[in-house]
Amino acid sequence: MPTTIYADHAATTPLSTAAYNAMLPYLTHHYGNASQHYALSRPPRRAIDEARQTIAQCIGARPEEILFTSGGTESDNTVIHSAVQRQADIITTTIEHHAILYPCRAAEKYCHVTYLPVTNYGVVDMSVLRTMSIRRGSLVSVMLANNELGTIQPLADIADIAHENHALCHTDAVQAVGHIPIDVDALHVDYLSASAHKFNGPKGIGFLYHRTGAPLTPLLLGGAQEGGLRAGTENVAAIVGMAAALKENVDNLDKNIRHLQQLEQIVLTTLNDLHVPYTLHTTANHLPGLISLAIHGTHAEQLMHRLDLCGITLATGAACNSTTTTISHVLTAINLPMDLAVATIRVSLGSDNTPSHAARLAHHIATIAHSTTP
Ligand code: PLP
């Protein structure tokens, strides 16, 4: 059965029409290699320059501070790789995406890595960061918004602590860019990772913001593209699509935020009206449209499969096989009791969802919850 209600926008988003239309010429007649010096290469080269400007404007950066990458994973890996090359200490959190945690684990062979604890709502424990000793030149890497909980971190305060100690600050803003206002100066960060497929752009493209003067060692070596900071023939169509998608999202940000907050309320009010008991894991300061909640007495994975059969797509916080249940590292980090962790679903709504989707989604959850709980 085809998906009729898509509520997993934190996993990926549909490509916007603006992005699709912007990409088409670069998938067809403007196919030239942007790094060559003949006429065929001029339109793609110009398109890349314009996309860089558009993206820089959307986040308050300068065009030369934007590095195109293959997505969030590469942007995150580049920053950690760069810190390892400088033999910097790394300070991160227990709730980062694996695109940060796995390279950090690999970095432990060469550098000192600290994982900051979080509160029960997934906010960095600032008292630990404030009182720890931070070596000059360290990298503090904290995600702006968590992909499972939606919690938004106090990034400017975190960056200030890093800078007071002459350290650098990176944020994985993959879930936040295109969804909340982003200004790299207001966030005080030195590096910021983003991924187009989270904001209605194409998959396999992203960017890394790096503040002028902040050290950066390339992860990929070979060609001289991206000022020698990222080798590989530019994916022109994807770059252009990413810029078009981000601009559209940023131009409509206030409207989208209001819409998503309304949908979120509809889901929760409908669950209340239908007497579905749940626990919300999200703080007031969270990504609009992303709600993480445990539906009491249910098994989230079974709930997800039954919703899937009804054409409703959402995510869970635990993965099961026939003998074990693995709780995500994020739900483990917030000390969620097992009965709530296995019952946790993530509803992540998008601007393409309607109030009717939100109400129907909650009605289906209620029907399944009532049929599985005594
Ligand atoms: N960081 C966060 C917070 C994410 O949610 C994701 C993707 O889910 C990534 C990084 C990885 O991004 P990409 O899929 O573009 O590699």
Side-chain angles (χ1 to χ4, degrees), residues 6-15 19 55 59 66-81 90 92-106 115-116 118 122-124 139 141-153 155 158 169-180 182 187 189 191-209 219-220 230 232 235 238-239 241-243 245-246 249 281-282 286-292 313-317 319 328-331 333-334 346-350:
Y6 181 68
D8 199 16
H9 292 79
T12 196
T13 54
L15 188 71
I55 288 171
I59 63 163
I66 303 297
L67 179 72
F68 293 126
T69 66
S70 64
T73 301
E74 186 188 323
S75 297
D76 287 349
N77 272 262
T78 303
V79 174
I80 301 301
H81 168 78
I90 301 172
T92 187
T93 79
T94 50
I95 60 161
E96 297 301 305
H97 190 270
H98 286 154
I100 285 289
L101 287 181
Y102 283 28
C104 279
R105 269 186 221 161
Y115 300 89
L116 296 171
V118 295
V123 180
V124 169
L139 175 74
S141 177
V142 176
M143 71 202 317
L144 183 52
N146 183 267
N147 48 302
E148 285 191 42
L149 305 170
T151 350
I152 297 174
Q153 304 293 341
L155 235 298
I158 291 169
C169 184
H170 164 247
T171 190
D172 173 343
V174 164
Q175 291 290 340
V177 170
H179 301 283
I180 55 173
I182 302 281
L187 287 172
V189 290
Y191 310 97
L192 177 145
S193 303
S195 175
H197 74 102
K198 307 291 188 181
F199 52 78
N200 305 98
K203 293 171 181 53
I205 189 76
F207 66 87
L208 175 65
Y209 157 79
L219 180 65
L220 300 184
R230 200 275 183 180
N235 187 345
I239 290 171
M242 169 163 67
L246 184 57
N249 271 25
H281 313 319
T282 313
H286 68 267
L287 281 178
L290 197 160
I291 25 183
S292 171
T313 308
L314 49 66
T316 66
S328 80
H329 67 283
V330 175
L331 298 186
I334 63 167
R346 176 186 70 183
V347 178
S348 50
L349 301 156

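Quick note: numbers below take in every heavy atom, side chains included, and nothing from hydrogens, waters or symmetry partners. Predicted model, so just to flag it, every value in this text is computed and none were measured. Both ligands and their constituent atoms are indexed starting at 1 by order of listing.
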For ligand 1, output the ligand-protein N/O contacts shorter than 3.5 angstrom; if there are none, return none.
residue  : atom   : partner : partner atom : Å
ligand 1 : 1 (N)  : Asp172  : OD1          : 3.3
ligand 1 : 1 (N)  : Asp172  : OD2          : 2.6
ligand 1 : 5 (O)  : Gln175  : NE2          : 2.8
ligand 1 : 8 (O)  : His97   : NE2          : 3.4
ligand 1 : 8 (O)  : Lys198  : NZ           : 2.6
ligand 1 : 14 (O) : His197  : NE2          : 2.9
ligand 1 : 15 (O) : Gly72   : N            : 2.8
ligand 1 : 15 (O) : Ser195  : OG           : 2.6
ligand 1 : 16 (O) : Thr73   : N            : 3.0
ligand 1 : 16 (O) : Thr73   : OG1          : 2.5

Salt bridge (Lys or Arg N to Asp or Glu O under 4.0 Å) against Glu96, all qualifying residues, sequence neighbours excluded: none
Test item: Thr78 side-chain N/O and Glu74 main-chain N/O as donor-acceptor pair under 3.5 Å: yes
Pairwise side-chain contact, Leu149 with Arg346, heavy-atom cut-off 4.5 Å (strictly under): no
Under the ring-ring contact (aromatic ring centres under 6.0 Å, His included) test, residues paired with His197 that sit two or more places apart: none
Partners passing ring-ring contact (aromatic ring centres under 6.0 Å, His included) against His329 (at least two apart in sequence or in another chain): His98
Side chain proximity check, Ile55 to Phe207, heavy atoms < 4.5 angstrom: yes
